[in-house]
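Side chains included, hydrogens not; waters and symmetry mates left out as well; all remaining heavy atoms used. Letters go in sequence order (proteins before strands), and every chain restarts at 1.
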Amino acid sequence: MKYLTIRTNNNSFSFGLYEDKSIICSGFIKGMKSDEGFMEINYNNKKEKENLTLTDNDSSKQLLDKLVSLGIINSYLDIRAIGFKVLGHSQDNHLMITDKLLDEIKEMDYSAYEVISSFNRYSNITKIAVFDGSFFNTISEVNYLYPVYYSWYTNYNLRKNGFGGLRIRSIISKLGKDYNDGKIVFCDLDKDTLITAVDNLKCIDTSNIMSVRYSGSIDPSIIPYMMEREGKNASEVVNELKNNCGLVGLSSYYDVGTIMEQCQMLDDRAVAAKDRYVMEIVKYIAQYYVLLGGLDTVVFTGNISLDYSFIRREICEKLSILGIKLDLDLNSNNDNDFQIISSKDSKINIITSSCDEDSVILDDIMKYINR
Amino acid sequence: MKFLCVNAGSSSLKFQLFEMPEEKVIISGYIEKIGLEDSFWTTKINGEKIKGAKYLKNHSEAVEVLLNELLENKAVKSLDEIKGVGHRVLHGGEKYSDSVIITDEVIQDIRDLTKLGPLHHPGNLAGIEALKEVLPDVPMVAVYDTAFHQTMPKENYLYPVPYEWYLKYGVRKYGFHGTSHKYITTVMKEKLGKKDVNLIICHIGSGASISAIKDGKCFDTTMGITPLDGLMMGTRSGSIDPSILEYVCKESGESISDVTNALNKKSGLLGVSGFSDSRDVENAAASGDERAILALNMYNDRVAKYIADYYIELKGEVDAIVFTAGVGENGIAAREEIIERLKPLGITVDKALNSLIASFKDKHEGLISGKDSKVDVYVIPTNEELMIIKDTYNLVCNK
């Protein structure tokens with residue numbers, strides 16, 4: 001039996017094709033709805049690349065035809081089910097996609113909706129939506145509500161939503177039983193900075209904080225103030241807060257690689273930006289330490305966590321009063337996709353782990369099929 | 001020597017006359033609804049309350065009432081006895097890190113800083129100008145609500161926004177309630193018998209801010225470029241995800257200034273519970289009102305979270321946590337709830353001691369932490385007026 005996992009992102013998607021639990025091939029399609037589309041397929045240690053015209057929302061057909069022509073599958077009927085990552089939440093972790101559900105997905109995650117629609121021509125293949133946000137369903141009202149006018153929640157459903165749920169679920173499956181009843185903070189440091197508190201495998205709270213380009217929560221008065229100063233409208237200022245702030249805004253360097261490089265060369269502004277970033281993460285870990293009533297494990301994941309051992313070191317040093325202690329050798333020799341890096345006398349376990357959303361999507365497909 | 005403390009808002013004016021250096025209040029008063037037909041005032045002298053009402057067109061007419069009250073109640077025999085006036089001013093920007101004798105330049109600076117204090121500076125200025133008109137030869141002092149926080153290091157006062165916003169437009173954290181944080185710091189220095197105190201000061205009233213004090217100076221604070229930043233408050237949201245403004249504008253069809261106004265005036269405890277006064281919220285919560293309970297939990301959580309932040313920022317080297325202002329001085333239940341949340345940090349509350357302290361009880365200040373607490377926790381009533389007058393007295397008398 002073959003299964004396909006799909007994760008969409010702004011006019012592109014990546015996929016993994018599995019034979020039962022083993023991956024056969026993976027790749028991505030970019031530039032959907034344009035005549036400058038591009039497909040890459042990795043299989044048998046080979047890389048197949050092709051330029052495509054994707055103006056007809058037929059990326060699904062072009063992908064499956066290609067898999068047939070490469071001899072990876074005999075026909076699309078080899079594929080038993082497809083699991084799509086959907087940014088949004090439902091009562092369940094996953095659901096079979098019906099027309100009604102597809103309408104709902106259109107509201108939560110338009111780019112997933114478009115890709116799912118493209119695959120609708122294959123009516124024989126079971127399609128399953130795997131919801132990234134469902135992991136956060138256990139967060140209570142006191143933590144998901146904003147301290148604002150209550151009717152904004154009742155009328156416009158304004159509340160905190162969680163992101164990176166599939167990433168956390170993939171790490172939880174690696175953690176194993178020893179960690180099931182623990183208090184864990186996940187530090188997912190990547191494009192977004194997502195700090196999530198988990199107790200007994202249930203999510204208690206999550207925060208989307210200062211990241212590479214996003215400011216994080218700030219004094220909301222800054223928006224009207226900047227609108228007036230620069231003659232901009234609200235969405236222009238909010239866009240700046242989402243895309244030109246954070247590490248990039250404070251340092252004036254364009255990407256995280258340059259910023260980290262400049263930090264090593266002790267550039268003032270890069271160091272100041274990095275220090276602030278580290279401090280924001282430290283504060284949220286401390287807040288969750290208090291919220292959870294203590295802490296057993298801190299998990300570092302995401303590219304920034306995994307690529308820059310000094311960021312992990314600085315975070316842990318600032319938290320030393322909580323009894324957290326790194327093994328500096330293990331921390332600097334970290335190339336493992338799952339490794340304990342705390343020292344033996346640390347009160348809190350520290351773990352680095354990669355995440356694999358496709359494996360969670362695959363698990364959910366299997367759970368649905370074998371339900 | 002008599003010194004007058006003035007806090008002029010857009011439609012109100014509070015005053016207190018002190019005998020210095022004895023720090024004794026002779027008379028105090030509150031004039032409200034200036035500019036409205038039903039202006040009125042309340043004056044307090046020797047424990048007696050006197051009320052008055054008459055249409056007051058502007059701040060000049062309010063100041064006439066103020067001076068009349070001083071004379072009629074024989075707080076002064078002649079206005080010559082007033083040796084100095086201290087004015088509370090909201091925003092000193094980056095230029096003023098201390099109180100200052102008011103000159104034409106200072107007035108111009110306050111006018112220029114209206115962009116950072118649009119709700120407060122017009123009232124502050126009207127108060128200063130009205131008093132200058134009638135007491136032209138009396139030295140006046142501006143006491144800025146932001147000044148005490150100017151010692152914050154750059155890493156704490158910058159927002160993670162484009163650095164140019166700071167350079168061009170002064171987008172940074174300034175902090176407010178500085179006079180109160182300064183007063184509490186001064187009291188704690190004396191109480192602990194050392195100058196380089198490390199403190200976490202929770203000024204929580206209808207407006208609320210927490211400061212981290214390191215070596216006797218402000219190191220960080222929760223309010224920002226405006227008083228809307230930081231904690232959830234009586235009617236303010238505190239800091240939030242900036243996307244919320246855009247989202248609510250889009251969904252409701254309201255303008256950005258409507259939404260910002262709602263974040264200032266209809267959010268916080270009021271927004272979540274429907275009650276704006278913290279005592280009303282507590283009463284409703286006590287009788288089981290779910291939204292009131294929710295609002296209080298959100299509020300207490302946020303205070304505890306910021307205390308945890310500052311505990312870490314100060315590397316755990318904290319001499320004391322201090323509660324002050326309305327809720328801090330009187331919210332027995334709130335204090336207990338907040339400190340209990342800090343148990344994972346080894347900070348504990350002595351419930352019996354805590355329940356004895358409030359302005360409506362015999363005891364108004366003191367220690368409320370448990371014997372086993374890693375950090376001492378105190379309740380200390382704030383006194384911003386006294387701080388304003390001390391600064392004024394010191395500047396005028398060249399101390």
Side-chain angles (χ1 to χ4, degrees), chain A residues 141-143 145-150 152 155-156 158 160 208 210 215-230 234-235 237-238 240-242 244-247 249-252 269 272-273 275-277 279-280 282-283 286-287 289-295 318-319 321-322, chain B residues 115 154-155 158-163 165 168-169 171 173 224-226 228-230 232 237-249 251-252 256-257 260 262-263 266-269 271-272 274 291 294-295 297-299 301-302 304-305 308-309 311-313 315-316 341-345:
Chain A
E141 208 178 17
V142 67
N143 290 328
L145 276 186
Y146 292 109
V148 297
Y149 202 33
Y150 193 76
W152 292 354
N155 293 344
Y156 316 132
L158 176 72
K160 190 193 270 185
N208 185 357
M210 173 191 170
S215 64
S217 289
I218 53 163
D219 185 336
S221 315
I222 289 177
I223 297 170
Y225 182 77
M226 285 305 296
M227 285 166 66
E228 200 167 303
R229 300 277 96 66
E230 296 206 313
S235 46
V237 176
V238 172
E240 291 223 48
L241 289 165
K242 284 180 184 164
N244 290 328
C245 290
L247 280 166
L250 267 178
S251 71
S252 303
R269 295 274 301 284
D275 284 351
R276 178 56 170 270
Y277 174 75
M279 201 62 212
E280 291 294 315
V282 163
K283 283 181 182 175
Q287 289 180 8
Y289 179 92
V290 166
L291 180 70
L292 293 171
L295 192 56
K318 291 207 154 57
L319 288 166
I321 46 171
L322 301 181
Chain B
K115 65 175 185 202
K154 205 168 190 172
E155 70 253 31
L158 285 183
Y159 286 109
V161 300
Y163 192 66
W165 293 10
K168 277 194 201 163
Y169 309 119
V171 175
K173 196 188 261 192
I225 185 171
T226 73
L228 182 52
D229 208 355
M232 168 182 180
S237 64
S239 56
I240 54 171
D241 178 344
S243 317
I244 289 174
L245 277 89
E246 197 193 9
Y247 178 78
V248 174
C249 284
E251 294 290 312
S252 66
I256 193 88
S257 58
T260 311
L263 290 172
K266 288 185 185 172
S267 296
L269 284 172
V272 178
R291 293 252 304 276
L294 175 67
N297 278 329
M298 290 172 71
Y299 183 89
D301 273 356
R302 280 164 175 79
K305 279 179 181 178
D309 277 1
Y311 180 81
I312 294 285
E313 261 190 41
K315 303 187 170 122
R341 282 165 166 76
L342 300 170
K343 208 173 170 195
L345 297 177

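- Looking at Ile321(A), the atoms closer than 4.5 Å to chain B (heavy atoms on both sides) all sit in the side chain, from C-beta outward.
- A side-chain contact (heavy atoms from CB on, under 4.5 Å) with Tyr225(A) holds for exactly one of Thr260(B), Ile225(B), Thr226(B); it is Ile225(B).
- No side-chain heavy atom of Ser257(B) sits less than 4.5 Å from a side-chain heavy atom of Pro224(A).
- Contacts of Val282(A) with chain B are made by side-chain atoms alone, with heavy-atom separations under 4.5 Å and no backbone atom involved.
- With a threshold of 4.5 angstrom between heavy atoms, Tyr299(B) does not approach chain A through any atom at all.
- With chain A as partner, the option from Ser252(B), Ala295(B), Ala304(B), Gly238(B) having the largest number of non-hydrogen pairs under 4.5 angstrom is Ser252(B).
- Annotation: side chain of Tyr289(A) is in contact with side chain of Leu345(B) (closest heavy-atom distance under 4.5 Å).
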Legend entry - Residue pair Val237(A), Glu246(B): steps toward the side chain to side chain contact (heavy atoms under 4.5 Å, CB included) verdict: CA-CA 10 Å; Val237(A) 176; Glu246(B) 197 193 9; over 6 Å; no

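- Of the two parts of Tyr247(B), only the side chain, counted from C-beta on, holds a non-hydrogen atom closer than 4.5 Å to a non-hydrogen atom of chain A.
- Contacts of Leu247(A) with chain B are absent, with no heavy-atom separation under 4.5 Å from either backbone or side chain.
- Ranking Lys266(B), Lys168(B), Glu155(B), Met232(B) against chain A, the residue ahead of the rest is Lys266(B), based on heavy-atom pairs under 4.5 Å.
- For chain B, the nearby part of Ile223(A) is the side chain; its heavy atoms alone come within less than 4.5 Å.
- Between the side chain of Tyr150(A) and the main chain of Ser267(B), no donor-acceptor pair closer than 3.5 Å is present.
- Using a 3.5 Å distance cut-off with no hydrogens or angles, the side chains of Asn155(A) and Glu251(B) do not pair a donor with an acceptor.
- Comment: Glu313(B) engages Lys283(A) in a salt bridge, judged by a side-chain N to carboxylate O separation of less than 4.0 angstrom.
- Shown here is Tyr159(B), whose OH atom has more than 12 heavy atoms of other residues, nucleotides or ligands within 6.0 Å.
- Pro160(B) has its side chain out of reach of Glu280(A): every pair of non-hydrogen atoms, C-beta onward, lies at least 4.5 Å apart.
- Contacts between Val148(A) and chain B at a heavy-atom distance below 4.5 Å involve backbone atoms as well as side-chain atoms.
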Inset, instruction - Could you give me the CA-CA distance, side-chain angles and deciding distance for Leu322(A) and Ile312(B), then say whether side chain to side chain contact (heavy atoms under 4.5 Å, CB included) is met? - result: CA-CA 9 Å; Leu322(A) 301 181; Ile312(B) 294 285; 4.1 Å; yes

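- Counting heavy-atom pairs closer than 4.5 Å to chain A, the top-ranked of the candidates Gly268(B), Gly316(B), Gly274(B), Cys249(B) is Gly268(B).
- With a threshold of 4.5 angstrom between heavy atoms, Leu158(B) approaches chain A through its backbone and through its side chain.
- Of the atoms belonging to Lys160(A), not a single heavy atom falls under 4.5 Å from chain B.
- In this structure, the portion of Arg276(A) lying under 4.5 Å from any heavy atom of chain B is its side chain and not its backbone.
- With chain B as the partner, the residue from Gly294(A), Gly246(A), Ser252(A) showing the most heavy-atom pairs under 4.5 Å is Gly246(A).
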Inset, instruction - Could you go through the side chain to side chain contact (heavy atoms under 4.5 Å, CB included) check for Val290(A) and Tyr311(B) one step at a time? - result: CA-CA 11 Å; Val290(A) 166; Tyr311(B) 180 81; over 6 Å; no

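- Using a 4.5 Å cut-off between heavy atoms, Lys305(B) contacts chain A through both its backbone and its side chain.
- Highest contact tally toward chain A, considering only Arg291(B), Lys343(B), Lys154(B), is held by Arg291(B) [criterion: heavy-atom pairs under 4.5 Å].
- Contacts of Leu245(B) with chain A are made by side-chain atoms alone, with heavy-atom separations under 4.5 Å and no backbone atom involved.
- With hydrogens and angles left out, the side-chain atoms of Ser239(B) and Asp219(A) include no donor and acceptor closer than 3.5 Å.
- No side-chain heavy atom of Ile222(A) sits under 4.5 Å from any side-chain heavy atom of Pro242(B).
- When all heavy atoms are compared, the tightest approach of Ala308(B) to Ala286(A) is CB-O, 4.2 Å.
- Of the two parts of Lys173(B), neither the backbone nor the side chain holds a non-hydrogen atom closer than 4.5 Å to a non-hydrogen atom of chain A.
- Under the side chain to side chain donor-acceptor pair (under 3.5 Å) criterion, Arg341(B) pairs with Asn297(B), Asp301(B), Glu337(B), not counting sequence neighbours.
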Inset, instruction - Under the side chain to side chain contact (heavy atoms under 4.5 Å, CB included) rule, what do Glu141(A) and Met298(B) come out as? Steps first, then yes or no, please. - result: CA-CA 9 Å; Glu141(A) 208 178 17; Met298(B) 290 172 71; over 6 Å; no

